[in-house]
Participant: 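Handing you this structure, nothing more for now.
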Amino acid sequence: MSKRDYYDVLGVARGASPEEIKKAYRQKAKELHPDRNSDNPNAEAQFKEANEAYEVLKDADKKAAYDRFGHAAFDGGMAGGPRAGGPHAGGDFASAFSDVFEDLFGDFMGGGGGRGGRQRSTRGSDLRYNIRITLEEAYAGFSREITVPTAIMCSSCSGSGSEGGSEPVTCPTCSGMGKVRAQQGFFTVERTCPTCSGVGQIVKNPCRSCGGAGREQKDRHLSIKVPPGVETGTRIRRSGEGEAGLRGGPAGDLYIFIEVAEHPIFKRDGVDLYCRVPVSMVTAALGGDVEVPCIDGGRSRVKVVEGAQSGRQMRLRGKGMPALRGNGTGDMYIELALETPVNLNSEQKDLLRKFEESLNKGNNPHASGFFDKVKSFFDDLKN
């Protein structure tokens with residue numbers, strides 16, 4: 001029985017573009033797949049016929065031969081035509097199906113370039129650098145020199161990996177594809193070429209300095225600028241400062257991860273700061289002023305109201321951390337912590353006991369001048 005015209009099989013015109021041929025084959029493959037046509041005994045034969053047609057029409061050389069000689073170009077009798085064995089010599093219908101499978105799902109599986117589209121160079125890996133800073137540095141921002149061990153472009157071969165400027169050659173195992181195929185039943189399994197590691201080329205005369213890798217290990221000295229307001233987990237990206245690519249490929253990126261150390265005085269919550277300030281019993285009872293440290297290195301005076309209790313909070317506006325993105329500064333919250341006097345002598349203890357008794361009896365300490373003695377006592381403790 002004579003074979004049908006390949007263009008008729010796929011339902012395309014003779015002047016169809018490669019994209020139109022591929023699209024038509026995809027539709028036919030889905031329509032005629034045996035798994036979806038179990039009730040049609042002719043589906044498998046039609047499916048193979050569509051694969052055979054696509055195997056020829058997808059290849060520019062085979063398509064040109066078919067356009068000129070028809071099916072006779074593949075029957076082994078045409079001198080100078082494709083080798084005998086039909087259009088599947090050097091490939092079978094599973095191979096054709098895997099091409100469409102790759103076109104459909106290659107982007108999700110890392111294919112990206114289709115057959116023969118393997119890039120000869122490989123992008124370098126990204127690097128991570130951890131840096132630990134103080135809260136004061138996070139407040140003000142800073143510049144610093146860092147040393148990053150990384151792979152840089154080989155100075156001897158300029159990243160080519162070849163000695164003396166010789167060019168890499170096509171990998172004989174994968175014929176430059178960067179991948180090899182092995183058929184397992186109906187499907188064709190594709191793996192990275194073990195000879196060239198997916199590059200598609202090999203270096204016959206490797207560079208003595210880098211061993212053919214095109215890069216060498218060295219320490220890089222970089223100047224980094226950390227903006228004010230960073231916090232633990234902040235990531236700074238330096239484009240192109242990662243590892244050099246293979247075979248002259250683009251370099252990766254450097255990611256600097258910030259860790260802010262715990263501060264002995266301040267606790268941080270976003271842009272706000274919190275600190276505990278000790279106050280004497282006299283200051284808490286009578287009121288007064290206390291000095292508190294600030295993250296910028298200065299000091300601020302805070303008024304303590306009469307009768308303040310331990311744990312009372314006060315806010316200093318604009319004394320917190322700067323916002324990393326945008327304008328504005330957080331606040332500082334002060335928590336009073338009353339100090340209890342220790343190491344009292346006998347006279348001081350007696351004064352406290354009398355003071356307590358006068359409170360319990362409801363007497364007014366001011367009337368007898370007793371309170372002045374207690375205040376003098378606390379002043380002695382502070383001094």
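Numbering starts at 1 and runs along the sequence shown.
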Participant: Check whether the side chains of Tyr66 and Asp61 place a donor and an acceptor atom closer than 3.5 Å, and report yes or no.
Facilitator: no
Participant: Suppose we screen for salt bridge (charged side-chain N to carboxylate O under 4.0 Å, His left out). Which residues come up paired with Glu31, at least two apart in sequence or across chains?
Facilitator: none
Participant: Is any side-chain N of the basic residue among Lys354 and Asp350 closer than 4.0 Å to the acidic one's carboxylate O?
Facilitator: no
Participant: Go through the structure and list residues passing salt bridge (charged side-chain N to carboxylate O under 4.0 Å, His left out) with Arg235, not counting sequence neighbours.
Facilitator: none
Participant: Say you draw a straight line from CD1 of Ile334 to CG of Leu316; how long is it, rounded to the nearest 0.5 Å?
Facilitator: 4.0 Å
Participant: If you measure only the distance, is there a donor-acceptor pair under 3.5 Å linking the side chains of Asn130 and Arg128?
Facilitator: yes
Participant: Using a strict cut-off of less than 4.0 Å between a Lys/Arg side-chain nitrogen and an Asp/Glu carboxylate oxygen, indicate whether Arg123 and Asp253 qualify as a salt bridge.
Facilitator: yes
Participant: I would like to know whether Asp59 and Lys63 meet salt bridge (charged side-chain N to carboxylate O under 4.0 Å, His left out); could you show each step before the answer?
Facilitator: CA-CA 6 Å; Asp59 186 281; Lys63 181 177 181 296; over 6 Å; no
Participant: Is it true that Arg312 and Glu335 make a salt bridge, defined as a side-chain N closer than 4.0 Å to a carboxylate O?
Facilitator: no
Participant: Measure up the Tyr274 and Tyr333 rings against each other and bin them: parallel (under 30°), tilted (30 to 60°), perpendicular (over 60°).
Facilitator: parallel
Participant: Working note: Glu44 + Lys48, criterion salt bridge (charged side-chain N to carboxylate O under 4.0 Å, His left out); need CA distance, chi angles, decisive distance, verdict.
Facilitator: CA-CA 6 Å; Glu44 183 175 356; Lys48 290 182 178 180; 3.6 Å; yes
Participant: From Phe266 CZ over to Glu136 CD, what is the distance, rounded to the nearest 0.5 angstrom?
Facilitator: 7.5 Å
Participant: Side chains of Tyr6 and Glu52: donor-acceptor distance under 3.5 Å anywhere?
Facilitator: yes
Participant: Would a distance-only check, ignoring hydrogens and angles, find a side-chain to backbone donor-acceptor pair under 3.5 Å from Asp269 to Asp272?
Facilitator: no
Participant: To the nearest 0.5 Å, how far apart are CD in Glu145 and CD1 in Ile224?
Facilitator: 9.0 Å
Participant: State whether Tyr255 and Arg238 meet the cation-pi test: NZ (Lys) or CZ (Arg) under 6.0 Å from the six-membered ring centroid, and within 45° of the perpendicular axis.
Facilitator: no
